[in-house]
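Since the structure comes first, as structure tokens, the remarks are kept for the end.
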Amino acid sequence: GTKLRRIRGTMFGCCTCLPSWLTFTCVSVTIFMTYVGFLTITMSSVLIPGGLTGFTIEPHTQLYKPFWKQGQRLETKIYLSLRQAPVSARELQTMPSLQYFSNLYHHQNRTKTDNKRLFGSSSVLLWKQKGVTFDWLNTSHATHTVNLTESNTPPKLWKMALSGKPLYVHAYVGHESRTMADVRDYKFVFARTTTTKKVTKKAVPPTWRLHPAFCNICGDANASTGPPAVLPASAIRNAPPKPHWKPRAAFRFVVDFTEFPTNQIPPLMQPHFRLTPRRQYLPFSFADEVGLTTDQLIALNQTVTMLPLEIEVGPSSLGRWQLGAMMDQSISIMHSSMGAEEKDSDELRYMLTETHPYVLMLTLCVSLLHTLFDVLAFKSDIQFWNELKTLRGLSTRAVVTSLICQIVVVAYLHHQETSKLVLVPAAFGVVLQFWKVWKVLAGSLATTVAAVAAAVVPGDDDEESKEGKEG
């Protein structure tokens, strides 16, 4: 009991007079269960309006009811503009399309008015669609693909796009039965996104054969046999971010008919609530970029001749919208605070868009359990080596070899510019292995010194036997 209390006091760094149940394992499991409970409550409040228990509605509580009805027929208008602010209602009604600018570009006898319209336009209508319904039927989803070229895009927009300056894709979704007399009225919702994103793609160093004689035996016979004289652009590390074109613009309107108590609006929804004079709320709309990964982006330069843009309009659930907003915040925190790279956020986006929600929840639970078991494994490893009294059954060579292997792995991860989320635990494992090697070498040295001392200095038994022989 005294020995266990001493170990427990050493691990917690405090006095040894602690309760017998207060162990590192107990504290770790308690913290883990507390975190799981907090995560469950948070996720339920995001995915389910009102959480697991629902809203608390008293007899005189006022409610915000949805303004749009189920099955409402909608009209969408998508346009590209230099301006971040929305255009006026008249400009939206008379905005020329890509086909108009294409005809104007190829017209032989353009007037001054035509040239002014062509070279002075800062907006172009990309697509308009009627018949989209406000529900979850097949008619609630519509897609369209446009290819922007120099001949069908206003010169202002085309030059800005190739130079990497941000352009804005605006989406208006409103009732089909009403003309767009005012794009800011209560029968229209609005969302926008940018067409460019500055990213730094991971450097890919060139490879070559160390033994050219084996090129014809295995592998690629045309493989390089030496390092290149000039590194390609894709192999330069720490290159500044370059602008890329986003070939997809997805807009979602939240199809939900929940009635919210006026005093229980979720915090994530409060900035997006738009109310009518009758205290009815408009559907939420947003630009969905969760599924847009780095490998889909197109590098922008003056040699680009066509910029594809896939436009998508469709419904979304309330939980999906809030979960996407949380994931965007998490990805930003990963980049700014944890040193994550684009490939880390891409893996997260792939997981969110291509995984069934139930499989995603199972993966989350397994990941949390894996983290807990990692912590307990480190604790058990440290405790075992801290209580080690003899090296019997341990191989010094195996411990040193393990240290060398771990150093090689950490060096490789660092060379590949792996994120800190992976590199830091691996580096901690190397530090722990250093401590093990020190313990083993110190124990081996002590055993060797004791053996040499016993062989050089005669013991009492040897002196007694010698005196017996002399007697």
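Remember, predicted model here, so these are calculated numbers, not experimental data.
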Taking C-beta and beyond as the side chain, do [X] and [Y] meet within less than 4.5 Å on heavy atoms?
X: Tyr168; Y: Thr194; value: yes
X: Leu148; Y: Leu80; value: yes
X: Phe373; Y: Leu368; value: no
X: Leu157; Y: Leu82; value: yes
X: Pro266; Y: Gln322; value: yes
X: Ile298; Y: Lys246; value: no
X: Leu98; Y: Leu125; value: no

Would you name the heavy atoms of [X] and [Y] that are closest together and state the gap between them?
X: His414; Y: Leu423; result: N-CD1, 4.0 Å
X: Ala142; Y: Val132; result: CB-CG2, 4.1 Å
X: Trp158; Y: Val304; result: CZ2-O, 3.7 Å
X: Pro166; Y: Thr196; result: CA-OG1, 3.4 Å
X: Leu292; Y: Pro247; result: CD1-CD, 4.2 Å
X: Met269; Y: Leu318; result: CE-CD2, 3.2 Å

_Checking Phe190 against Tyr172 for the ring-ring contact (aromatic ring centres under 6.0 Å, His included) test, could you report, in this order, the C-alpha distance in whole Å, the side-chain angles of both residues, the deciding distance, and whether it holds?_
CA-CA 5 Å; Phe190 165 78; Tyr172 285 100; 5.1 Å; yes
*Any chance the rings of His272 and Phe284 have centres within less than 6.0 Å?*
no
Main-chain N/O of [Y] paired with [X] side-chain donor or acceptor, under 3.5 Å:
X: Tyr281; Y: Phe260; result: no
X: Trp245; Y: Leu162; result: no
X: Ser163; Y: Met160; result: yes
X: Glu176; Y: Gly131; result: yes
X: Thr276; Y: Gln280; result: yes
X: Ser380; Y: Leu376; result: yes

Looking at [X] and [Y], does any basic side-chain N land under 4.0 Å from a carboxylate oxygen?
X: Glu75; Y: Lys128; value: no
X: Glu289; Y: Lys197; value: no
X: Arg83; Y: Glu91; value: yes

*Have a look at Pro315 and tell me which of Val255, Asp135, Leu137 forms a side chain to side chain contact (heavy atoms under 4.5 Å, CB included) with it.*
Val255
_Can a side-chain donor-acceptor contact be found between Glu312 and His141 if the only test is distance below 3.5 angstrom?_
yes
_Testing the 3.5 Å rule here: is there a donor-acceptor pair between the side chains of Thr139 and Thr133?_
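Yes - a donor-acceptor pair under 3.5 Å links their side chains.
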Interatomic spacing from [atom1] in [X] to [atom2] in [Y] - rounded to 0.5 Å:
X: Leu307; Y: Thr149; atom1: CG; atom2: OG1; answer: 9.0 Å
X: Thr401; Y: Gln433; atom1: OG1; atom2: CD; answer: 10.0 Å
X: His244; Y: Leu300; atom1: NE2; atom2: CG; answer: 7.5 Å

_Stepwise ring-ring contact (aromatic ring centres under 6.0 Å, His included) test for Phe253 and Phe134_ = CA-CA 8 Å; Phe253 48 85; Phe134 187 68; 5.8 Å; yes
*Could you check Phe32 against Thr371 for side chain to side chain contact (heavy atoms under 4.5 Å, CB included), going step by step and ending with a plain yes or no?*
CA-CA 9 Å; Phe32 172 77; Thr371 303; over 6 Å; no
*Ring geometry between Trp127 and His144 (parallel below 30°, tilted from 30 to 60°, perpendicular above 60°)*: parallel
Inspect the surroundings of [atom1] in [X] and state if more than 12 heavy atoms from other residues, nucleotides or ligands are less than 6.0 Å away.
X: Phe434; atom1: CZ; result: no
X: Phe273; atom1: CZ; result: yes
X: Asn263; atom1: CG; result: yes

*In sequence, state the C-alpha distance, the side-chain angles, and the governing distance for Phe251 and Phe286, and then conclude on ring-ring contact (aromatic ring centres under 6.0 Å, His included).*
CA-CA 6 Å; Phe251 299 96; Phe286 63 99; 9.5 Å; no
